[in-house]
Amino acid sequence: MAQLWGGRFTKQTDKLAYAFNASISFDQRLLTQDIAGSCAHAKMLAAQGILTPHERDAILQGLKEILADTQSGKLKITEQYEDVHSFVEANLIERIGDIGKKLHTGRSRNDQVALDMKLYVREEIGNIDEELKELLQILLEKMKEHIDTIMPGFTHLQKAQPTTLAHHLGAYFEMFRRDRSRLADVKARLNLCPLGSGALAGTTYPLDRASTAKQLGFHGPTRNSMDSVSDRDYVIELLSALSIIMMHLSRFSEEIILWNSNEYRFVEIDDAYSTGSSIMPQKKNPDIAELVRGKTGRVYGALMSMLTTMKGIPLAYDKDMQEDKELTFDAIDTVKGCVRLFGGMLRTMKFCKPRMEESAKHGFTNATDAADYLVNHGVPFRDAHGIVGQLVLYGISHGKALDDLTLEEYHQFSPVFEKDVYDAISLKTCVEKRNTIGAPGHRAMEVEIAEAEEYLIRN
Ligand code: ARG
């Protein structure tokens, strides 16, 4: 057991207690961030005359070697160290001797871990953003391809009005676009540097906090040293943003599972993204979509855990906060994996155009348009609604779509109907006429697609 704090103690820590307390098994992920923070700190200490240039160079060299040796596998991170910070410091001292003991001047593991975690989250936000951008590219491709693919739009999972696949996918485009902007907000708000806050009350050394903040790419230093070491808002904000991403992916997954079912057959998931059954030879299951939907639970779980962990903690640092790491790492890995797999599944998925169109035709999705036809011929909307309602009832009992009723049949319900009703209620017309901003009409969608394209170039 290599501890940084043995001086005050007369007894060894209980073995189980030591293991319970240690975080090295998971916080070793923060090695690069920890070393980056230490380098910035050492440079600043030297600039402030707290270290000599020689001491600074020895420390920087030692830190560089620790990173290289760990990455090459020459140096192993073992359970012998309590956490990643102890690992780095102990190794530094082993390498460069007593000079290494000066690195921790004016610093505490409390501000160190706060810094490491911020650096890690900031970097991962960039990675998740890239994955989301890739997914948006795939969505945009599909939207372009399916600008004229008619399908039923649903409310209450009941066929409602005809729309297009491009329009439906465009809804998800907007969701993931918002997700990216949410992540950007989290990043902007977290970007103040806690280093130099010490354990909680700053330090007596003349640290230049602005310099370390600048070196590490922050807007500036945090403004209150107690808040600096006890703030995990950015973790909670990140987990909220990740939960929303998963909620979007889960809704999309649910739709794909439905669409891929024997009843819908709107899509066929590629073999590469499906699995079979060990007993039923005919089965091709949408496991990937199901797993994405399922994993939403654990990301929500991370958010709830973190909110709960933080709710009763008095200022400033308490060990409870160490719990942020496993949750956050797992949520980040889960989201990155899910976005990527989902994208692959979407890219390779076959959309069955004829099935979608057929389905739109048979759900009376053009009933609103039939009513609008009457309104355009002077019938008040409420009466038109009633007339078309009766027509639908008639169609259901005779097994006919509105498009298939004869003009005589139409006349049984209203004399206003003329031959041009067929054109007015054809699915193509129904969609085509909807060209208000954000609607599925070809013209309106073209505008949205062009905007989406430009957005992806700019962002
Ligand atoms: N492993 C700790 C964490 O993740 C590092 C900070 C330890 N600080 C302390 N005062 N024990 O939070």
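These numbers were taken from a predicted model, which means no experiment stands behind them. Atoms within a ligand are numbered from 1 in the order they appear, just like the ligands themselves.
Ion pair Asp330/Arg298 flagged as a salt bridge, since at least one NZ, NE, NH1 or NH2 atom sits closer than 4.0 Å to an Asp/Glu carboxylate oxygen. Salt bridge annotation for Glu453-Lys144: present, with a cationic side-chain nitrogen under 4.0 angstrom from a carboxylate oxygen.
Among residue pairs with one or both ends in residues 124-167, those qualifying as ring-ring contact (aromatic ring centres under 6.0 Å, His included) are His146-Phe351; sequence neighbours excluded. Pairs passing the ring-ring contact (aromatic ring centres under 6.0 Å, His included) check and including a residue from residues 295-350, sequence neighbours excluded, read Tyr120-Phe329, Phe252-Phe342.
In this structure, Leu238 and Ile332 have side chains that are in contact, with non-hydrogen atoms separated by less than 4.5 Å.
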Tabulated below should be the N or O atoms of ligand 1 paired with protein N or O atoms at under 3.5 Å; can you produce that?
from: ligand 1; atom 1: 1 (N); to: Ser23; atom 2: OG; distance (Å): 3.0
from: ligand 1; atom 1: 1 (N); to: Gln322; atom 2: OE1; distance (Å): 2.7
from: ligand 1; atom 1: 4 (O); to: Lys325; atom 2: NZ; distance (Å): 2.7
from: ligand 1; atom 1: 8 (N); to: Asn110; atom 2: OD1; distance (Å): 2.9
from: ligand 1; atom 1: 10 (N); to: Asn110; atom 2: OD1; distance (Å): 3.0
from: ligand 1; atom 1: 12 (O); to: Tyr317; atom 2: OH; distance (Å): 2.4

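The salt bridge (charged side-chain N to carboxylate O under 4.0 Å, His left out) check on Glu358 picks up nothing, with sequence neighbours excluded.
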